[in-house]
Undergrad: 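Handing you a structure now.
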Protein chains: 2
Amino acid sequence: MARERKFSLEELYKQVKPLLLNNGYEGFTFSHLADALNVARGTIYKYFENKDELITAYMIFEMEQSHKELQQISHISDFNGQFDFLITFMFQNSNLHRLIEIGKQVQSSTEVVKKNKQRLMEMQIDMYKHLQDFISLGKQENMLKPHLPDTLILGYIFQSIAIPNHFGIPQSVWVSSIKEMLQSGMFAHNN
Amino acid sequence: MARERKFSLEELYKQVKPLLLNNGYEGFTFSHLADALNVARGTIYKYFENKDELITAYMIFEMEQSHKELQQISHISDFNGQFDFLITFMFQNSNLHRLIEIGKQVQSSTEVVKKNKQRLMEMQIDMYKHLQDFISLGKQENMLKPHLPDTLILGYIFQSIAIPNHFGIPQSVWVSSIKEMLQSGMFAHNN
DNA sequence: TCTCAAAGTGACAGTTGTGTCATTTTAACT
DNA sequence: AGTTAAAATGACACAACTGTCACTTTGAGA
């Protein structure tokens, strides 16, 4: 007996993404989203109590996809393969980073929001565990410098996608340069 | 015949900084700032037409200080000295980065705002020139790999300050690890 | 001590966003 | 064709921020 919905949750999330990335947490409004969905603002309140609930729910959705993708890393046996996989993963999920930053701006208000934030936290820890295994493998195989802090190694890999390519250097050059930089740094080894 | 002012521009800027860093562009309001200064909101309008004008003016103020500091780099003759100087500079100006990001959210509206943005742009270019010289020197002295794009090298150095030190690794270890990472990467050179 | 202009105030009108809810629309199922 | 419950709507009350401006306060200088 139910009337057909004008939009699915997936469609909604798809609209949320650019709005959130372009306007940030504070700049994101139900009005904008309603416009993007060609729907009255009130309608969205049928599915989400408020902005924080919507945003955290969206983040979980986005995270779940990335998480699933990243899990594939454990099916690769050698370190070099994992390293390549991780670089590719990063470039394919380049805005995940910014979304996480935006997510930090959500103040836990409702019980639901608290639960969502909890869930997100768990997912991040879980992802981190996978990456930790990657680092461990690298150090075990004597591929990574053992004295560098794990968190710095991971941080470096993740930050590298955020480097702005202002001068439009071709993607292939850019990516291979980043790989080289991560592996052996910027100093010429002439000494 | 003028009455004494309740706050100086410097005092105002000092209050702007945390408000902007904590709440972002959209989250920054004249009300908050007025509260922080113990002043009526209307008072601030005596000095700034609107939010964009205030924020860009503040950015110029902040930039000028960093710029002056960075200029010292040209007094250092050798590349290694400049490299060390730059790392120190970055850590002392760790939020400059975020401020520039926030600055990008300012839509040019007034004529004054446009001028301020223009001025900021020029300062950034000027700073970039100094850094460009640094890279050139490094390549000339055969210290830096000649095939890596200059903008990537610079980007890499600047991103490194943004790596979150979640696990509270001691500052000295952190900084020296970052230096090593930049110089020779994360791979053990065992082949 | 008086003057006066700069500094500061707070009330007003306008805009934008929030959350609610009584009402209307829709289509699947009798 | 009629029923019905989910889906959608849009108006309402409220809150926060913006920009303006007539007015008040203040203290340096005549």
Side-chain angles (χ1 to χ4, degrees), chain A residues 1-16 18-58 102 105-116, chain B residues 1-16 18-58 102 105-116:
Chain A
M1 311 134 170
R3 174 180 173 181
E4 197 187 6
R5 286 182 52 172
K6 287 184 76 180
F7 59 90
S8 66
L9 270 190
E10 270 80 17
E11 278 161 359
L12 181 139
Y13 290 147
K14 199 177 156 188
Q15 300 296 331
V16 168
L19 288 175
L20 213 43
L21 286 171
N22 294 331
N23 309 327
Y25 174 77
E26 297 268 1
F28 177 91
T29 69
F30 272 40
S31 309
H32 289 327
L33 179 57
D35 284 352
L37 288 168
N38 280 314
V39 138
R41 192 172 52 83
T43 307
I44 305 176
Y45 282 93
K46 282 278 153 67
Y47 303 98
F48 301 94
E49 293 262 327
N50 55 49
K51 182 163 151 174
D52 288 352
E53 210 169 302
L54 188 150
I55 288 182
T56 49
Y58 160 70
I102 292 171
Q105 293 187 49
V106 177
Q107 320 298 67
S108 315
S109 43
T110 335
E111 205 50 48
V112 181
V113 175
K114 277 184 202 161
K115 253 189 192 165
N116 283 353
Chain B
M1 312 141 167
R3 174 180 171 182
E4 197 187 7
R5 285 182 53 171
K6 287 184 76 179
F7 58 90
S8 67
L9 271 188
E10 270 80 16
E11 277 161 1
L12 181 141
Y13 290 148
K14 199 177 156 189
Q15 299 297 330
V16 168
L19 288 175
L20 213 45
L21 287 170
N22 294 332
N23 309 326
Y25 175 77
E26 297 268 2
F28 177 91
T29 68
F30 272 39
S31 309
H32 289 328
L33 179 57
D35 283 352
L37 289 168
N38 280 314
V39 139
R41 193 172 51 84
T43 307
I44 305 176
Y45 283 92
K46 283 278 153 68
Y47 303 98
F48 301 95
E49 293 262 325
N50 55 49
K51 182 164 149 173
D52 288 352
E53 210 170 300
L54 187 150
I55 288 181
T56 49
Y58 160 69
I102 292 172
Q105 294 188 49
V106 177
Q107 320 298 69
S108 315
S109 43
T110 334
E111 205 50 48
V112 181
V113 175
K114 277 183 200 162
K115 256 190 191 162
N116 284 353

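Naming: A, B, ... by sequence-line order, numbering from 1 per chain.
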Undergrad: Please evaluate the base of C:dG8 for a donor-acceptor partner in the side chain of B:Lys46 within a cut-off of under 3.5 Å?
TA: yes
Undergrad: Would you say A:Lys6 reaches C:dT25's phosphate, i.e. side-chain N/O to OP1/OP2 under 4.0 Å?
TA: no
Undergrad: Strictly below 4.0 Å: does A:Tyr45 bring a side-chain N or O up to OP1 or OP2 of D:dA8?
TA: no
Undergrad: Counting only side-chain nitrogens and oxygens, does A:Thr43 get under 4.0 Å of the OP1 or OP2 atom of D:dT9?
TA: yes
Undergrad: CD1 of A:Ile44 versus C1' of D:dA7: gap in Å, rounded?
TA: 13 Å
Undergrad: Please work out if A:Phe48 contacts a base, only the sugar-phosphate, or nothing of the nucleic acid, heavy-atom cut-off 4.0 Å.
TA: nothing
Undergrad: With no hydrogens and no angle check, do the side chains of A:Asp52 and A:Tyr25 hold a donor and an acceptor under 3.5 Å apart?
TA: yes
Undergrad: Side chain of B:Arg3, base of C:dA7: donor and acceptor closer than 3.5 Å?
TA: yes
Undergrad: Could you check whether any side-chain N or O of B:Lys51 sits under 3.5 Å from a backbone N or O of B:Phe28, counting only pairs where one atom can act as donor and the other as acceptor?
TA: yes
Undergrad: Just the rounded figure in Å: distance from P of C:dC21 to CZ of A:Arg41.
TA: 14 Å
Undergrad: Of A:Gly42 and A:His32, whose nearest nucleotide on DNA chain C comes first from the 5' end?
TA: A:His32
Undergrad: Give the rounded distance in Å between these two atoms: CG of B:Leu12 and C1' of C:dA7.
TA: 14 Å
Undergrad: Nearest whole Å is fine: how far is D:dA6 C1' from A:Arg5 CZ?
TA: 10 Å
Undergrad: Tell me: CZ of A:Phe28 to P of C:dG17, nearest whole Å?
TA: 12 Å
Undergrad: If you measure from CG on B:Asn23 to CD on A:Gln105, what distance do you get to the nearest 0.5 Å?
TA: 8.5 Å
Undergrad: So, A:Phe48 versus A:Phe30, ring centres under 6.0 angstrom or not?
TA: no
Undergrad: Would a line drawn from the ring center of A:Tyr13 to the ring center of A:Phe7 be shorter than 6.0 Å?
TA: no
Undergrad: Between atom CG in A:Leu9 and atom P in D:dA7, what is the gap in whole Å?
TA: 11 Å
Undergrad: Under 4.0 Å between any heavy atoms, over every strand shown, what does B:Thr29 touch: base, sugar-phosphate, or nothing? Just pick one.
TA: sugar-phosphate
Undergrad: What is the distance, to the nearest angstrom, from the CD atom on B:Glu4 to the P atom on C:dG8?
TA: 9 Å
Undergrad: Whole Å only: how far is the CG atom of A:Leu33 from the P atom of D:dA8?
TA: 13 Å
